Amino acid sequence: MDEEGWFSVTPEEIAVRHAQRCVAGGAVVDCFAGMGGNSIQFAALGYHVIAIDIDPIKVEVASNNSKIYGVDNYIDFIVGDFLQLAPSLKGNVAFLSPPWGGPSYKTTENFTLDLLKPVDGCALFQVAQTITPNIMMFLPRNVDVCQVEQLSWLSSPPLNVEIEENCVRGFLKGVTAYFGKTAYWGVAQEISSVHICEV
Ligand code: ADP
């Protein structure tokens with residue numbers, strides 16, 4: 001882990017949950033892989049993972065972490081800009097844990113999607129849709145949930161969507177939005193369900 005990794009890696013219990021919810025199967029693109037916390041859990045369930053990060057040091061660390069967990073055979077690491085690589089990628093699920101802008105996200109009451117990096121959440125979602133409609137997004141606990149629901153309307157017909165709060169030992173750590181086949185529920189008209197989960 002590097003210094004930044006300690007606060008930016010997805011808590012392991014939540015990464016396990018994300019992997020369990022990855023029912024659309026096959027190949028998973030981890031678009032902002034960081035230290036590899038999510039990629040490792042997808043790989044541990046036997047998914048083939050394409051793990052992307054723009055920072056070669058992060059990729060080196062993630063690759064080493066995947067060896068420690070014994071899942072390196074399941075993960076292809078790519079150093080590159082997800083926004084540029086996306087049109088050439090194929091996968092059954094796209095997992096997005098984009099930069100939240102560091103720990104300062106906590107000081108905002110309502111985290112709007114334009115605060116995500118490297119581009120706003122709408123643009124990011126549209127790029128991910130070039131890979132697959134089965135998208136999972138891990139977002140700050142104070143994210144504007146209405147805005148997240150509205151992302152499903154960027155597709156026609158609208159994608160199924162489910163939003164889940166992720167708690168660890170009673171503390172809300174983040175919110176995960178599941179779209180397309182990764183959403184549990186939903187006929188097209190029933191576009192939102194809120195499921196509160198303790199992991
Ligand atoms: P947080 O604000 O949640 O701590 P980071 O700034 O650590 O997020 O970013 C998460 C990961 O995304 C980092 O490992 C970073 O290198 C990576 N990253 C940032 N921009 C891109 C990009 N355009 N393509 C791929 N990976 C990126």
Side-chain angles (χ1 to χ4, degrees), residues 1-15 17-19 27-43 49-69 71-72 75-91 93-132 135-145 147-148 164-168 171-177:
M1 296 284 264
D2 63 9
E3 200 180 323
E4 191 184 82
W6 286 108
F7 67 79
S8 63
V9 72
T10 308
E12 189 162 0
E13 298 91 328
I14 298 177
R17 168 79 177 170
H18 289 152
V28 183
V29 183
D30 186 357
C31 309
F32 300 89
M35 303 276 131
N38 279 100
S39 290
I40 287 167
Q41 297 305 332
F42 289 126
V49 184
I50 300 149
I52 298 165
D53 203 283
I54 203 165
D55 179 346
I57 296 178
K58 289 272 171 39
V59 169
E60 203 182 311
V61 174
S63 169
N64 186 56
N65 288 339
S66 71
K67 287 181 187 136
I68 292 168
Y69 277 76
V71 295
D72 48 309
I75 309 177
D76 289 324
F77 289 97
I78 303 177
V79 178
D81 180 348
F82 166 66
L83 302 175
Q84 287 183 7
L85 290 170
S88 59
L89 294 172
K90 291 204 187 325
V93 173
F95 177 79
L96 298 167
S97 180
W100 298 354
S104 64
Y105 76 87
K106 293 177 187 157
T107 57
T108 312
E109 201 176 313
N110 188 37
F111 186 98
T112 48
L113 292 180
D114 58 300
L115 297 173
L116 289 174
K117 307 271 184 274
V119 290
D120 77 81
C122 274
L124 196 54
F125 192 81
Q126 277 174 314
V127 172
Q129 277 194 301
T130 63
I131 304 174
T132 172
I135 297 171
M136 297 162 61
M137 275 180 115
F138 185 54
L139 297 163
R141 61 184 181 225
N142 50 351
V143 72
D144 184 328
V145 177
Q147 275 193 341
V148 177
E164 172 184 86
E165 292 186 323
N166 299 113
C167 303
V168 178
F171 292 98
L172 181 56
K173 295 288 185 185
V175 165
T176 307

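This one's a predicted model, so the numbers in the text were calculated from it and none came from an experiment. Residues take their numbers from the sequence shown, with the count starting at 1. When a ligand or atom number is given, it counts from 1 through the structure's own listing order.
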>> Under a 4.0 angstrom heavy-atom cut-off, which atoms of ligand 1 come close to Asp55?
In response: 16 (O)
>> A quick test of your reading: do over 12 heavy atoms of other residues, nucleotides or ligands sit less than 6.0 Å from OH of Tyr69?
In response: no
> When the ring planes of Phe138 and Trp100 are compared, do they come out parallel, tilted or perpendicular, using 30° and 60° as the limits?
Replying inline: tilted
>> If the cut-off is 4.0 Å to any non-hydrogen atom of Pro118, which atoms of ligand 1 fall inside it?
In response: 23 (N)
>> List ligand 1 atoms under 4.0 Å from Gly34, heavy atoms only on the residue side.
In response: 14 (O)
>> Minimum distance, heavy atoms only, to atom 19 (C) of ligand 1: which one of Pro99, Ala86, Ala51 is it?
In response: Pro99
> Between Ile131 and Lys90, which heavy-atom pair has the shortest distance, and what is it?
Replying inline: CG2-C, 4.1 Å
> Hey, which atoms in ligand 1 end up nearer than 4.0 Å to a heavy atom of Lys58?
Replying inline: 14 (O)
>> If I apply the N/O under 3.5 Å rule, does Asp53 come out as touching ligand 1?
In response: yes
>> For ligand 1, which is the ligand I care about here, please tell me if Leu83 has any N or O atom under 3.5 Å from one of the ligand's N or O atoms.
In response: no
>> Within the 4.0 Å heavy-atom shell around Gly101, which atoms of ligand 1 are there?
In response: 2 (O)
>> Quick check on contacts: which atoms of ligand 1 are under 4.0 angstrom from a heavy atom of Gly102?
In response: 2 (O)
>> Using every non-hydrogen atom in the two residues, find where Lys173 and Ile14 come nearest and quote the distance to one decimal.
In response: CB-CD1, 3.7 Å
> Can you list the steps and then say if Thr176 with His18 is a side chain to side chain donor-acceptor pair (under 3.5 Å)?
Replying inline: CA-CA 8 Å; Thr176 307; His18 289 152; 2.8 Å; yes
>> With heavy-atom distances below 4.0 Å as the criterion, list the atoms of ligand 1 near Asp81.
In response: 22 (C), 23 (N), 24 (N)
> Backbone or side chain, does any N or O of Phe32 fall under 3.5 Å from an N or O of ligand 1?
Replying inline: no
>> Using a 4.0 Å cutoff against the non-hydrogen atoms of Cys31, which atoms of ligand 1 qualify?
In response: 25 (C)
